[in-house]
Asks: 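Sharing a structure below in structure tokens format, with a few things to ask.
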Amino acid sequence: MLSYNVKLNFPSKETEQAMLGCLKTEADCFGYVSALLETTGFREHPISRYDVHYKFYYDIRKQYPLLSSQMICKVIQEVVASWKTCLQTTEKFNTPKKQNLSMTLDKRLYSKLTEHSVNITVPGFKKVRCTFDTYPLIQYMFNNYKAKNCNIFYRDGQFWLTVQFETPELELINENVLGI
């Protein structure tokens with residue numbers, strides 16, 4: 001899987017501001033869910049994301065009505081993954097918090113991805129058609145491989161879209177060589 005970033009252009013300042021607000025709310029929601037896991041004893045007895053969803057979904061949904069159902073599901077998935085990574089890598093750690101404004105998109109949060117545009121769910125606007133600047137390598141990837149997943153992130157006053165492409169595994173030519 002290969003990933004490439006493209007600069008997103010929203011159709012209006014209103015949609016851009018709405019998406020920025022959504023990403024900020026999503027980061028706050030991440031912190032809220034992470035704090036909920038701290039209260040459940042997740043450090044001693046980790047539970048699956050499905051159990052977290054079952055226990056806390058309606059409370060989270062009530063707390064963050066701006067976020068769609070699928071956005072809440074993505075936050076839960078991301079928080080549980082962060083916690084499990086922390087548990088596997090270190091004994092003592094602070095409650096995980098989101099450092100950057102970003103969101104993983106899936107097929108329910110984006111559609112009609114082409115080499116020049118994508119429709120993204122923006123709270124208050126439904127799906128919004130966003131264009132992006134292309135360059136030769138990204139055009140080559142769209143022409144030759146299937147786009148798989150997308151992430152949206154905000155950095156230095158600009159929105160970016162990370163597009164992942166499903167690429168074939170390279171064939172091993174000679175199994176006898178260990179490496180250089």
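Note: hydrogens, waters and symmetry copies are ignored here, and every other heavy atom, side chains too, is used. For reference, positions follow the sequence shown, starting with 1.
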Asks: Show, in sequence, the C-alpha distance, side-chain angles and deciding distance for Val52 and Thr40, and conclude whether the side chain to side chain contact (heavy atoms under 4.5 Å, CB included) test is met.
Replies: CA-CA 10 Å; Val52 173; Thr40 65; over 6 Å; no

Asks: Take atom OH of Tyr57 as the centre, draw a 6.0 Å sphere, and report whether it contains more than 12 heavy atoms from other residues, nucleotides or ligands.
Replies: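 Check passes, neighbour count above 12.
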
Asks: Ala27 and Lys98: which non-hydrogen atoms are nearest, and at how many Å?
Replies: CA-CD, 4.1 Å

Asks: Is it true that Tyr50 and Phe56 fall in one hydrophobic cluster, defined by side-chain heavy atoms closer than 4.5 Å?
Replies: no

Asks: Just verifying a value: how many Å separate Leu23 CG and Leu67 CG, rounded to the nearest 0.5 Å?
Replies: 9.5 Å

Asks: Applying side chain to side chain contact (heavy atoms under 4.5 Å, CB included), run through Thr95 and Phe42 and close with a yes or a no.
Replies: CA-CA 11 Å; Thr95 303; Phe42 194 88; over 6 Å; no

Asks: Look at the side-chain heavy atoms of Ile, Leu, Val, Met, Phe, Trp and Tyr, link any pair under 4.5 Å apart, and say whether Leu66 and Leu109 land in one connected group.
Replies: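 No, Leu66 and Leu109 fall in different hydrophobic clusters.
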
Asks: Can a salt bridge be assigned to the pair Lys74 and Glu26 using a cut-off of 4.0 Å between side-chain N and carboxylate O?
Replies: no

Asks: Any side-chain heavy atom of Val122 within less than 4.5 Å of one from Cys22?
Replies: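 No. Closest side-chain heavy atoms not under 4.5 Å.
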
Asks: Check whether any side-chain heavy atom of Val80 lies under 4.5 Å from a side-chain heavy atom of Val33, and answer yes or no.
Replies: no

Asks: Looking at Arg43 and Phe93, would you say the former's side chain and the latter's main chain have a donor-acceptor pair under 3.5 Å?
Replies: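 Yes, the answer is positive, given that a donor and an acceptor are paired below the 3.5 Å cut-off.
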
Asks: In Å and rounded to the nearest 0.5 Å, what is the OG1 to CZ distance from Thr162 to Phe153?
Replies: 4.5 Å

Asks: Is Lys146 salt-bridged to Glu166, cutoff N-O under 4.0 Å?
Replies: no

Asks: Which value, rounded to the nearest 0.5 Å, describes the distance between Ser102 atom OG and Asn151 atom CG?
Replies: 7.0 Å

Asks: Could you tell me whether the side chain of Trp83 reaches within less than 4.5 Å of the side chain of Glu38, counting heavy atoms only?
Replies: yes

Asks: For the residue pair Pro11 and Arg129, establish whether any side-chain heavy-atom pair is separated by less than 4.5 Å.
Replies: no

Asks: Let's go through Cys130 and Met19 carefully: what are the C-alpha distance in whole Å and the side-chain angles of both, what is the deciding distance for side chain to side chain contact (heavy atoms under 4.5 Å, CB included) to 0.1 Å, and is it a yes or a no?
Replies: CA-CA 11 Å; Cys130 299; Met19 192 67 203; over 6 Å; no

Asks: In this structure, would Tyr54 and Tyr32 fall into the same cluster of hydrophobic residues linked by side-chain contacts under 4.5 Å?
Replies: no

Asks: So, do Ile138 and Glu115 sit near enough that their side-chain heavy atoms are less than 4.5 Å apart?
Replies: no

Asks: Rounded to the nearest 0.5 Å, how far apart are OG of Ser117 and CG of Leu8?
Replies: 10.5 Å

Asks: Could you check whether any side-chain heavy atom of Gln88 comes within less than 4.5 Å of a side-chain heavy atom of Thr85, counting everything from C-beta outward?
Replies: no

Asks: Which label fits Tyr140 and Tyr145: parallel for a plane angle under 30°, tilted from 30 to 60°, or perpendicular past 60°?
Replies: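 Perpendicular.
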
Asks: Will you find, in the side chains of Gln139 and Thr134, an N or O donor that is under 3.5 Å from an N or O acceptor?
Replies: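 Result is yes, a qualifying pair exists.
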
Asks: Which value, rounded to the nearest 0.5 Å, describes the distance between Lys84 atom NZ and Ile47 atom CD1?
Replies: 9.0 Å

Asks: Is Ile60 close to Leu36 at the side-chain level, that is, under 4.5 Å between some pair of heavy atoms?
Replies: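 In short, these two side chains touch, coming nearer than 4.5 Å.
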
Asks: Identify the heavy atoms of Thr15 and Phe10 that sit nearest to each other, and give their distance.
Replies: OG1-CB, 3.6 Å

Asks: Considering residues, nucleotides and ligands other than Asn94, do more than 12 of their heavy atoms fall under 6.0 Å from its CG?
Replies: no

Asks: Donor-acceptor check, side chain of Ser34 to backbone of Pro96, threshold 3.5 angstrom: yes or no?
Replies: yes

Asks: How about NZ on Lys24, more than 12 heavy atoms from neighbouring residues, nucleotides or ligands closer than 6.0 Å, or not?
Replies: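 For Lys24, atom NZ is not crowded (no more than 12 foreign heavy atoms under 6.0 Å).
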
Asks: Counting heavy atoms not belonging to Lys127, are there more than 12 under 6.0 Å from its NZ?
Replies: yes

Asks: Stepwise, does the side chain to side chain contact (heavy atoms under 4.5 Å, CB included) test hold for Phe142 with His116?
Replies: CA-CA 10 Å; Phe142 270 107; His116 297 290; over 6 Å; no

Asks: Do Val6 and Trp160 sit in one hydrophobic cluster, given that two such residues count as connected whenever their side-chain heavy atoms are within less than 4.5 Å of each other, even indirectly?
Replies: no

Asks: Look at the side-chain heavy atoms of Ile, Leu, Val, Met, Phe, Trp and Tyr, link any pair under 4.5 Å apart, and say whether Val118 and Tyr4 land in one connected group.
Replies: yes

Asks: Rounded to the nearest 0.5 Å, how far does OG of Ser12 lie from CZ of Phe125?
Replies: 5.5 Å

